[in-house]
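None of these values were measured; they are calculated from a predicted model.
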Amino acid sequence: MSTSRRNLPPLNALRAFEVAGRHLNFRAASEELGVTQGAVAQQVRLLEEHLGVSLFQRMPRGVALTPQGASYLADMTRAFDTLGKATEQLHNRTDAVTISVTPTFATKVLIPQLSILKAAIPGVELRTIATEAVSDFDRDQIDIAVRQIRPPFAASHDTHLLFRHDLVLVASPHLLGKATLPLSRDEIGALPLLHDSYNHWPKFFGVGGRLPGAVFNQTTLALDAALAGQGVAISCRAFVRADLDAGRLIEIGVTEFSGGSDFYLVRKRAAQPRDTVDAVWSWAVAHWTEGGAPRHDEAG
């Protein structure tokens, strides 16, 4: 008995080609896919070798589609749109809500309150995407997101300010020992410094370049190190409030500058709102807004 086989190129290569073809730029494609620019170029070369056809013309500043590439891109875009719609229909359960947050927000705010959310909204299935990248509401099927942004906001989105990006310096009481608070700038500088991707320490000390100390790519990792007594971290106050209240961390100072963009709850306005999404949104506004009380400063 013969077996029918689809003669398809590698799907990763097809995806890289479709994204690169839409952007006509390998760098932009790499940002959308979350891979390196070299990885995109390698996947495109793999696809061209598999097909035996040149899909792009390499230009001095970017790329252009060949006639064969332009025709193939149109077909691939339709194919991926079809896959996206099929996946959306599969996942479009009325009790499922997908929320996109940063890893630090997930660890310090969302996860500790999951049981409260589930008790308040029985039956809801919360799907969490923890990423530093800005998720696309349509492409990634996101219902609600927590993002660091600043006005003005798109008219197609609802937004609600959760909390300001106010920065504090924190350390474990085990690290500080019997030190007298508040610590001076020189005393803070003598302690091990914990760095994250924001790199706030040079600004705090008014120097250029990166200062010595352990470096982490996420704030939540720097805070874990601070909790373990490994050094001093700079964090948004909202992320360390529970640890400060419990005495696991001690505030040893504040900065004279903000962390930049503030944290907002965001969702795309829908022609047919879903009750479960509305319920999670309302719960998040009530429980995550600074101070714990609902605020009504939405902007469109």
Side-chain angles (χ1 to χ4, degrees), residues 19 22-23 25 28-29 31-34 77 80-81 83-85 87-111 113-114 117 120-121 124-166 197-198 218-219 236-239 258-300:
V19 176
R22 278 193 283 108
H23 290 288
N25 185 291
E31 292 176 356
E32 178 174 328
L33 294 170
T77 298
F80 278 109
D81 285 345
L83 288 172
K85 290 178 182 178
T87 304
E88 179 181 359
Q89 292 174 357
L90 177 65
H91 288 161
N92 192 24
R93 292 171 47 187
T94 57
D95 60 347
V97 177
T98 301
I99 185 168
S100 173
V101 298
T102 66
T104 302
F105 192 97
T107 302
K108 300 300 182 181
V109 180
L110 173 58
I111 292 175
Q113 297 189 13
L114 273 179
L117 187 153
I121 314 174
V124 67
E125 179 183 303
L126 191 68
R127 298 170 178 167
T128 303
I129 299 176
T131 176
E132 297 288 355
V134 176
S135 300
D136 183 274
F137 284 95
D138 294 323
R139 183 194 67 223
D140 301 321
Q141 300 300 301
I142 302 299
D143 296 305
I144 299 172
V146 175
R147 291 179 175 168
Q148 282 183 256
I149 52 176
R150 57 167 57 94
F153 304 118
S156 59
H157 292 77
D158 289 325
T159 61
H160 178 91
L161 175 64
L162 294 178
F163 46 82
R164 304 292 183 187
H165 199 178
D166 297 325
S197 58
Y198 289 105
Q218 295 178 1
T219 301
C236 176
R237 182 183 296 276
F239 294 151
S258 72
S261 302
D262 298 317
F263 289 82
Y264 283 80
L265 200 65
V266 186
R267 65 176 173 180
K268 190 173 182 180
R269 289 176 177 166
Q272 297 179 331
R274 290 166 49 204
D275 290 343
T276 47
V277 174
D278 287 345
V280 172
W281 174 275
S282 297
W283 183 92
V285 167
H287 287 77
W288 294 344
T289 299
E290 193 167 29
R295 296 168 59 171
H296 304 285
D297 56 353
E298 292 188 0

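Of the inter-residue distances, the one linking R164 atom CZ with E290 atom CD reads 8.5 Å to the nearest 0.5 angstrom. Rounding to the nearest 0.5 Å gives a distance of 4.5 Å between CZ of R22 and CD of E32. Between the CG atom of L117 and the CG atom of L110 there is a distance of 7.5 Å, given to the nearest 0.5 Å. Interatomic distance, D138 CG to K268 NZ, rounded to the nearest 0.5 Å: 3.5 Å. To the nearest 0.5 Å, the span separating CD1 on I121 from OG1 on T276 amounts to 8.5 Å. The OG atom of S197 lies 5.5 Å from the CD atom of E132; values are rounded to the nearest 0.5 Å.
The aromatic ring centroids of W288 and F263 lie 6.0 Å or more from each other.
Residues D136 and I142 approach most closely at O-CG1, 3.9 Å, considering heavy atoms. Summarising the geometry of V109 relative to A238, their closest heavy-atom pair is CG2-O, 4.5 Å, with the distance given to 0.1 Å. Among all heavy-atom pairs drawn from Y264 and T159, the shortest one is CD2-CB, 4.3 Å. Scanning both residues, L162 and L265, for their nearest heavy atoms gives CG-N, 3.8 Å. For the pair I144 and W281, the tightest heavy-atom approach, listed with the atom from each and the gap, is CD1-N, 3.7 Å. Residue A130 comes nearest to P103 through the heavy atom pair CB-CA, 4.1 Å, listed as atom of the first residue, atom of the second, then distance.
Between F80 and L83, the closest side-chain pair of non-hydrogen atoms falls below 4.5 Å.
Sorted by first and then second residue, the salt bridge (Lys or Arg N to Asp or Glu O under 4.0 Å) pairs with a member in residues 277-286 read R267-D278; sequence neighbours excluded.
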key: Full working for side chain to side chain donor-acceptor pair (under 3.5 Å) between Q148 and H165   = CA-CA 9 Å; Q148 282 183 256; H165 199 178; 3.2 Å; yes

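In this structure, the side chain of D143 does not engage the main chain of I99 through any donor-acceptor pair within 3.5 Å. Panel note: side chain R147, backbone S100; no donor-acceptor pair is recorded below 3.5 Å. Listed for the R269 side chain is a donor-acceptor partner under 3.5 Å among the backbone atoms of A155.
Using cut-offs of 30° and 60° for the angle between ring planes, the H157 and F137 rings count as tilted.
The local environment of CZ in R150 is sparse, with at most 12 non-hydrogen atoms from other residues, nucleotides or ligands closer than 6.0 Å.
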